Amino acid sequence: MTGVHGPTGDVHRARDLAQRLLADLPERWRHTIGVARRAEEVADTAGSHSEADILLAAAWMHDIGYAAELRDIGFHPVDGARHLHAAGWPSRIAGLVAHHSAALLVARARGLAAEIDRFPRETSPVSDALIYADQTVGPNGRIMTVEHRLADMLHRHGPDSPNAAVHAQREPLLRSAVHRVQQRLATQGQPPSAA
Ligand SMILES: [Fe+2]
């Protein structure tokens, strides 16, 4: 959020936790910094200061499940969410991490529906903005269009991956969320982004 409102303790705690957990994964950490910056850019679309803080905390922590010490079922959205739940973070933040970028579809393709269903799933300006941030920032934190990001993701995961198997279902969900954020930005008079 811009203006006089600064990030709360939860946002700082989220950033510090991600920085510690991703210390051995510099590319992932740079991506995370980029996603958090992107989330800050669109934080006004979240609807309120408190919603913006939930968005920023989730943005910092959305990929912590890649950390080796958190690896459990081997599906990073759920591994990250399990850690947050165990550490006492609000269930809403754990749910945003579990379900970030339409992870449910990939979870189903991997036979992990029961594991991800333990976490609440929301469709809201906050979950839209988290998709926008994650899907317009690539590895190493490079800003990219959602089209480029999705093409790069498919290339990295490969044609036989669960990500590729659900892409036809997942892509429209991600694109519509990005579009809704762009519409909210336009309504607020913010300049169009590169997404
Ligand atoms: Fe990410």
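As the structure lists them, so they are numbered: ligands from 1, and atoms in each ligand from 1. Predicted, not measured: the structure shown is a model, and the values here were computed from it.
The number of heavy atoms from other shown groups lying within 6.0 Å of CG (Asp16) is above 12. In the displayed structure, His157 atom NE2 is contacted under 6.0 Å by more than 12 heavy atoms of other residues, nucleotides or ligands. For Arg121, the CZ atom is loosely surrounded, since the number of other residues' heavy atoms within 6.0 Å does not exceed 12.
Residue His62: an N/O/S atom is found under 2.8 Å from the Fe ion (ligand 1).
Side chain to side chain, Thr45 and Gln188 fail the donor-acceptor criterion of an N or O pair below 3.5 Å.
Draw a line from the Fe ion (ligand 1) to OD2 of Asp63 and another to NE2 of His31, and the angle between them is 90° (to 10°).
The minimum distance between the Fe ion (ligand 1) and any N, O or S atom of Asp134 involves atom OD1.
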